[in-house]
Amino acid sequence: MKVSGMNLDGLNTEQQNAVTRTEGPVLILAGAGSGKTRVLTHRIAWMLEQRVCRPWQILALTFTNKAAREMKDRIAQLVGERVDEMWVGTFHSIFARILRREAELLGYDRNYSIYDSDDQLRLLKDIMKRREISTNQLNPKRVRSVISSAKNAMLDPESFANSDSGYLHELYTDIFRDYSAGLKKANAMDFDDLLLLPIELFRKFPERLHYWRDRFRHVMIDEYQDTNRAQFTVTQMLAEEHNNICVVGDDDQSIYGWRGADISNILDFEDHWPQTAVFKLEQNYRSSETILETAHSIVSHNAGRKPKKLWTDKGKGELVTLLAGEDEAMEAALICDRIQQANRAGQGYGDFAVLYRTNAQSRALEEALIRNGVRYQIIGGLRFYERREVKDLLAYLRLLVNPRDTISLLRVINYPKRGLGDVAVGRIRQLAVEENLDFYDALPVAAQRLSGAAGQRAGELHALLEELRGRLQEESADAVMQELMDRIRLLEHLEAEGPEGQPRIENVRELQSALARYSDNSELGLEGFLQEVALVADVDGLQDAGDQVTLMTVHSAKGLEFDTVFVSGLEEGLFPLGNSFADEDDLEEERRLFYVAATRAERKLYLSMARYRRRYGGGGGGPSPFLSQLPPELLDQADDFGGGRFRGRDERAGGRDGRWQGGGETRETIRRPGRPASRPKRSGRVPLSGSEALLNKVSPFRDGAPAADPMPDYENESQEFEGPSDPREIHVRAVVLHSKYGRGIVIHKAGFDEDMRITVRFDSVGVKKLVARFAKLQVVG
DNA sequence: CAGGGAAAGATTTTT
DNA sequence: TCTTTCCCTG
């Protein structure tokens with residue numbers, strides 16, 4: 001074993017200091033690309049070499065499985081197989097593991113189910129149905145997010161009840177109560193529970209806390225800026241006695257506020273842990289100076305951050321190139337073109353990543369790449385384990401392990417169709433209530449009591465599940481799964497779905513082989529597989545680049561790096577997203593998101609936008625305000641960009657915020673060959689609608705490419721729509737009167753004409769989203 | 001009870 | 001624009 005060979009020479013001074021400080025609280029502020037993982041892994045290796053502790057006394061927590069795997073691999077390179085004795089994993093998987101051992105103390109079985117957000121929604125809908133709350137009255141997704149926020153803030157139904165008042169709040173409280181009870185009855189935990197229940201465990205059973213504290217003498221946490229209240233609390237509990245807590249993070253990269261991440265956890269770390277040793281890693285080893293400047297120029301607008309600035313000795317490097325297409329397809333084409341150019345010059349496709357704010361943006365990009373035969377992989381979107389056919393099968397497997405799992409039973413009770421529809425299910429559940437039985441146990445009773453086919457079918461299903469459950473004792477999990485598939489004739493049913501079914505069959509096969517692989521490598525059996533699978537994200541499937549372009553959201557890209565990065569969709573309303581500028585905290589998070597996106601690039605950064613974008617009916621929002629805040633000397637405006645000069649928000653009196661000036665008033669619009677104009681109405685003879693005039697007016701530029709179809713200049717015609725009584729006059733910051741809500745201020749506007757939606761902050765009822773067409777607003781100022 | 005068709009709804013970001 | 005939900009018919 002190569003222990004004495006441990007070499008700290010490859011680390012800079014600050015990194016070395018962080019590595020060798022092995023006792024007490026440690027805060028490592030590690031900027032993007034500053035060698036954070038390197039420091040963490042070397043620190044662990046160093047602790048082993050210096051015999052500070054034994055491998056199994058180390059707990060290392062990350063947010064994604066991918067980060068965990070990478071950390072494990074890199075530790076293994078330094079210390080060999082001793083890494084297997086350490087607990088290195090995501091918060092969720094580590095605590096799921098702890099809970100598997102401790103669940104009984106909390107009134108759960110060790111084979112509990114983990115409910116993902118889809119399962120949560122099903123449970124909530126079921127509850128609302130029983131309470132006769134219509135989904136029109138209360139949106140289940142909204143309920144889910146309210147409950148999840150409450151749980152993130154560590155509120156149980158009782159404290160939630162007291163946190164507010166009013167009819168709506170009482171409604172939420174009732175559902176929250178039923179939801180918690182429903183989970184427990186189903187022997188199920190949601191993602192939030194995986195963090196909350198350990199806290200409950202430690203509070204109720206101090207000796208268990210003592211045990212785990214003693215077990216993990218050294219706690220290390222990656223991406224600490226993304227921890228939420230529960231994560232903060234549970235790790236604090238674990239570390240409180242020995243004080244060996246080492247956290248690594250970067251407040252500029254906190255991008256999970258929407259999910260309860262509390263940036264003050266890292267900002268106030270030194271207050272929570274007196275005597276903290278702080279190390280700042282500010283040398284960046286990844287990106288050029290230009291890229292760092294670009295990222296910094298946006299994030300430095302944030303008030304809530306530790307002042308700092310990354311530096312590099314790499315030199316200025318290449319300028320940032322701006323690209324803009326007429327619409328999202330053109331934007332994609334421009335990006336694709338750049339990739340192919342570089343590819344012809346010898347660069348592999350694996351060097352490129354295209355990032356976007358929302359998953360929906362991937363479509364146009366994919367189409368362009370496919371059309372041009374560029375190989376790519378896409379991360380995120382519909383995840384493998386969330387696909388319907390996969391979840392259906394998993395639901396069966398979950399039932400075998402945890403028969404109390406009501407949501408899974410509801411899912412499979414009539415899939416494939418076996419004549420147990422809503423009516424029959426209702427009767428069986430009724431029976432369960434009357435006899436005080438679990439839903440599952442009511443199945444055989446139904447077989448006796450219910451007349452007709454329904455009862456018989458319920459009995460058959462129960463018998464099948466029981467039989468398979470028995471087999472699980474003797475046979476391997478994948479054999480049982482095969483038997484299950486045969487018995488329910490799954491493949492035949494998918495086959496019958498026609499062309500749709502084909503990829504589903506492949507997914508089912510993939511699930512089969514995943515289970516087989518797991519069974520070969522683990523003794524945890526089907527329970528272990530199911531719990532692991534519930535905690536897998538799609539980024540985890542990221543293949544090591546290979547020779548293909550990677551497409552993903554900015555969120556998924558955190559922690560990754562590429563030679564060349566395209567950040568696409570830099571438009572108002574998209575990036576920064578929605579009405580985030582109405583809330584300073586949200587806007588700060590968008591800036592950090594931009595920072596994360598830009599700092600993924602090593603050598604070359606492109607920023608792109610579409611002048612017009614189809615978004616559920618509406619149009620695009622014009623250039624992102626971020627673009628106007630970039631120092632011009634860092635930018636290289638490509639010809640594709642129309643040669644227009646961008647002027648900042650404040651420079652043009654009366655102009656729209658953050659607007660691009662066209663390269664020339666007479667420039668024409670390019671259209672893709674063989675495709676009709678995206679907005680045929682703009683043919684020159686037909687009078688423009690207000691929205692079109694507006695659209696034209698805010699057009700950042702006209703593409704400078706040869707004219708395929710000359711367009712007249714409508715600049716003047718927009719005048720006629722500025723009559724004082726026109727509802728289209730509604731603009732951001734306008735003061736409006738609503739017949740019901742009274743006075744309010746417009747804080748956001750999206751779409752045009754019929755689809756125009758506006759967000760208004762009313763004095764009486766707060767922020768409301770309205771469809772302008774229906775709202776009958778009167779503009780008063 | 002199942003399947004088809006029409007109408008409404010939806011777009012952040014993920015463990 | 002595309003997907004999901006709901007309602008109606010067979």
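These numbers come from a predicted model, not from an experiment. In the text below, chain A, chain B and the rest are named by the order of the sequence lines, each starting its count at 1.
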Nearest-nucleotide 5' precedence on DNA chain B, His555(A) against Asn139(A):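 Its nucleotide being nearer the 5' end, the pick is Asn139(A).
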DNA chain B: 5'-proximal contact among Thr90(A) and Val425(A) (nearest heavy atom):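 Between the two, 5'-proximity favours Val425(A).
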Hey, are [X] and [Y] close enough for a salt bridge, meaning a charged N less than 4.0 Å from a carboxylate O?
X	Y	answer
Arg144(A)	Asp190(A)	no
Glu588(A)	Arg305(A)	no
Asp126(A)	Arg122(A)	no
Glu460(A)	Arg418(A)	no
Glu223(A)	Lys36(A)	yes

Atom CZ of Arg100(A) with >12 non-hydrogen neighbours under 6.0 angstrom: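 More than 12 heavy atoms, drawn from other residues, nucleotides or ligands, come within 6.0 Å of this atom.
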Is [X] touching bases, backbone alone, or none of the nucleic acid, heavy atoms closer than 4.0 Å?
X	value
Ala534(A)	nothing
Asp192(A)	nothing
Lys125(A)	sugar-phosphate
Phe63(A)	sugar-phosphate
Val423(A)	sugar-phosphate

Whole-Å C1' distance, dT5(C) and dT12(B):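 Rounded to whole Å, the distance is 22 Å.
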Below the 4.0 Å mark, does [N] have OP1 or OP2 next to a side-chain nitrogen or oxygen of [X]?
X	N	result
Asn359(A)	dT13(B)	yes
Thr64(A)	dT15(B)	no
Lys141(A)	dA10(B)	no

Options [options], nucleotide nearest the side-chain atoms of [X]:
X	options	result
Leu577(A)	dT15(B), dT13(B), dT12(B)	dT12(B)
Ala360(A)	dT14(B), dT15(B), dT11(B)	dT11(B)
Thr553(A)	dC2(C), dT14(B), dT15(B)	dT14(B)
Arg363(A)	dT15(B), dT13(B), dT3(C)	dT3(C)

[X] has an atom [atom1]; how far is it from atom [atom2] of [N], in whole Å?
X	N	atom1	atom2	value
Leu121(A)	dT3(C)	CG	P	19 Å
Leu587(A)	dT12(B)	CG	P	17 Å
Ile428(A)	dC1(B)	CD1	P	10 Å
Leu197(A)	dT15(B)	CG	C1'	15 Å
Asp226(A)	dT15(B)	CG	P	12 Å
Leu355(A)	dT12(B)	CG	C1'	15 Å
Arg142(A)	dT11(B)	CZ	P	13 Å

Arg357(A) (side chain) and dT13(B) (base): donor-acceptor pair under 3.5 Å: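 Under the 3.5 Å cut-off, the side chain and the base do form a donor-acceptor pair.
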Geometric class of the Phe91(A)/Phe95(A) ring pair [parallel <30°, tilted 30-60°, perpendicular >60°]: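 Phe95(A) vs Phe91(A) ring planes: parallel.
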Criterion salt bridge (charged side-chain N to carboxylate O under 4.0 Å, His left out) on Asp119(A) and Lys391(A), from CA distance to verdict: CA-CA 10 Å; Asp119(A) 301 319; Lys391(A) 283 217 71 173; 2.9 Å; yes
Flag side-chain contact, heavy atom, 4.5 Å: Ile98(A) against Trp87(A):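 They are in side-chain contact.
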Ring-on-base stacking dT13(B) with Trp258(A) (under 5.5 Å, under 30°):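 Base of dT13(B): stacked against Trp258(A).
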Strand-adjacent residues in residues 410-420 of chain A, judged by heavy atoms under 4.0 Å from DNA chain B: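 DNA chain B contact set from residues 410-420 of chain A: Asn414(A), Lys417(A), Gly419(A).
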